[in-house]
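Residues: numbered from 1 along the sequence shown.
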Amino acid sequence: MGCFFSKRRKIEKELRAASEEERPKQYSWDQREKVDPKDYMFSGLKDETVGRLPGKVAGQQFLIQDCENCNIYIFDHSATITIDDCVNCIIFLGPVKGSVFFRNCRDCKCTLACQQFRVRDCRKLEVFLCCATQPIIESSTNIKFGCFQWYYPELAFQFKDAGLSIFNNIWSNIHDFTPVSGELNWSLLPENAVVQDYVPLPTTEELKTVRVSTEANRSIVPISHGQRQKTSDESCLVVLFAGDYSIANARKLIDEMVGKGFFLVQTKEVSMKAEDAQRVFREKASDFLPLLNKGPVIALEFNGDGSVEGCHLIVNKIFNGTKMFVSERKETASGDVDSFYNFAEIRMGI
């Protein structure tokens, strides 16, 4: 004789199993918050000031298209940004992990940071740029470039979230896919160009809550001389090895050297191997090999008469105990600089 309660349990179990079979399976991607493309797009705007505050883009792709006479500010990091068919716009873009692509735009002024930068079918753009790889223009004319110059409190963290280094910026090393014989489709903005004259601070109450500064000494990205003609035959290479304060030390050294009247030509942050150190540091390589395992090195090139001696004095006075490599002789300084940056460009695939 069977037990009534055992039969009831058996029936309940069978009903539960049937119910689970009818219920659709739940996957992790089904539980993600739905993304509305309209939240990551500015389209068809005219005579407006618009933007996104820190945290509102959070690594998503963004599209800007068909805008005219607009001021656009993206105060956040993003995956990629495409700007199509925009006329007479002012645009600020926070760090972009991938590419920024301008197509069929004209008379725009921009400040932006990205991994890759490309312009096609555009004319008369003025761009203050931080770009980790060689900027590219194609079928475009009257494109002018300056070095990125901008600050707000969240910007340093956004660079990190986008996987960008503030020291990897070859903003002036432009490649033109469609050069015209006897003409130059691009040029560099004057070194004394004031970024706020091109890309002014936002004026809406919402966007003014972002505490922006365009002062040169507060810029997250070090302002470099780039491909402009050097003022002196003497250059100085400084390599700072990874440590708790390497970024702060690099910025302090830049401030001190620029304050003494020397030019910061270019910067790099790159990992090195033993063979790389041998090529760059030569007879001193063995002193630095143990330091390479701690992380990427930061390299700074300064230019100006007396830059080698001036850098030694600053390093010995301010950075006592900090491990650095400084080019030691004027006649070899340029060779050390070229050796390092040629290596860095190969390593980074530039």
Side-chain angles (χ1 to χ4, degrees), residues 35-131 135-146 148-150 152 155 158 162 171 185-186 189 193-210 212 214:
V35 173
D36 186 346
K38 293 180 180 179
D39 292 336
Y40 306 97
M41 175 190 303
F42 291 129
S43 180
L45 304 181
K46 187 174 182 179
D47 302 322
E48 293 191 45
T49 295
V50 295
R52 291 289 184 269
L53 295 174
K56 296 300 183 181
V57 179
Q60 296 289 336
Q61 298 181 8
F62 209 96
L63 173 64
I64 302 171
Q65 63 182 10
D66 299 312
C67 293
E68 183 178 355
N69 300 326
C70 289
N71 295 349
I72 298 170
Y73 302 86
I74 308 295
F75 291 123
D76 205 0
H77 70 102
S78 54
T80 62
I81 295 185
T82 303
I83 302 99
D84 289 334
D85 303 295
C86 289
V87 178
N88 196 33
C89 288
I90 289 170
I91 300 173
F92 172 84
L93 305 178
V96 181
K97 184 174 185 178
S99 65
V100 172
F101 197 179
F102 282 82
R103 297 181 296 196
N104 197 35
C105 296
R106 61 180 174 86
D107 297 298
C108 292
K109 297 176 173 64
C110 318
T111 300
L112 60 101
C114 60
Q115 177 71 23
Q116 299 175 326
F117 178 81
R118 189 170 180 181
V119 170
R120 190 177 73 196
D121 299 319
C122 295
R123 60 185 176 91
K124 200 176 180 184
L125 304 185
E126 294 165 325
V127 185
F128 290 85
L129 179 64
C130 175
C131 189
I136 292 171
I137 68 171
E138 181 180 1
S139 302
S140 299
T141 59
N142 199 12
I143 313 299
K144 297 182 180 181
F145 293 91
F148 182 100
Q149 183 176 323
W150 207 265
Y152 54 88
L155 188 53
Q158 292 171 3
W171 63 271
N185 293 322
W186 63 272
L189 289 164
V194 179
V195 65
Q196 196 168 327
D197 291 343
Y198 296 80
V199 183
L201 304 187
T203 55
T204 65
E205 291 303 316
E206 179 188 40
L207 296 176
K208 282 166 65 176
T209 61
V210 180
V212 175
T214 58

*Determine the interplanar angle of the F92 and W150 rings, folded into 0 to 90°, and report it as parallel if under 30°, tilted if 30 to 60°, perpendicular if over 60°.*
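Judged by the thresholds at 30° and 60°, the geometry between F92 and W150 is parallel.
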
*Return the orientation label for the F128 and Y198 ring planes: parallel under 30°, perpendicular over 60°, tilted otherwise.*
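Ring orientation of F128 relative to Y198: perpendicular.
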
Which heavy atom in [X] sits nearest to a heavy atom in [Y], and how many Å separate them?
| X | Y | answer |
| --- | --- | --- |
| H77 | A162 | CB-CB, 4.3 Å |
| S99 | V96 | O-CG1, 3.6 Å |
| T214 | Q149 | O-NE2, 2.7 Å |
| C89 | C67 | SG-O, 3.5 Å |

Going by heavy atoms in the side chains, are [X] and [Y] under 4.5 Å from each other?
| X | Y | answer |
| --- | --- | --- |
| D76 | Q158 | yes |
| P135 | W186 | no |
| I90 | P200 | yes |

*Residue from V127, T80, L112 passing side-chain contact (heavy atoms from CB on, under 4.5 Å) with V100*: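 Output: one option passes, namely L112.
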
*Begin with the C-alpha distance, continue with both residues' side-chain angles, and end with the deciding distance and a verdict on side chain to side chain contact (heavy atoms under 4.5 Å, CB included) for L93 and C114.*
CA-CA 9 Å; L93 305 178; C114 60; over 6 Å; no

_Short N-O contact, R120 and E138, less than 4.0 angstrom_ =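 No.
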
*Just by distance, with hydrogens left out, do D121 and N104 show a side-chain donor and acceptor under 3.5 Å apart?*
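Absent: no donor and acceptor within the cut-off.
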
*Between D107 and N88, a side-chain donor and acceptor under 3.5 Å*: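 Short answer, no.
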
*Is there any side-chain hydrogen bond (donor to acceptor under 3.5 Å, both in side chains) pair reaching into residues 48-65, and which pairs are they, with sequence neighbours excluded?*
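Matches after skipping sequence neighbours: S43-Q65.
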
*Begin with the C-alpha distance, continue with both residues' side-chain angles, and end with the deciding distance and a verdict on side chain to side chain contact (heavy atoms under 4.5 Å, CB included) for K124 and R106.*
CA-CA 6 Å; K124 200 176 180 184; R106 61 180 174 86; 5.5 Å; no

*Candidate pair F75 and V212, rule side chain to side chain contact (heavy atoms under 4.5 Å, CB included), full reasoning*: CA-CA 10 Å; F75 291 123; V212 175; 3.9 Å; yes

*asked:* Apply side chain to side chain contact (heavy atoms under 4.5 Å, CB included) to residues L53 and V210 and explain how you reach the verdict.
replied: CA-CA 7 Å; L53 295 174; V210 180; 3.7 Å; yes

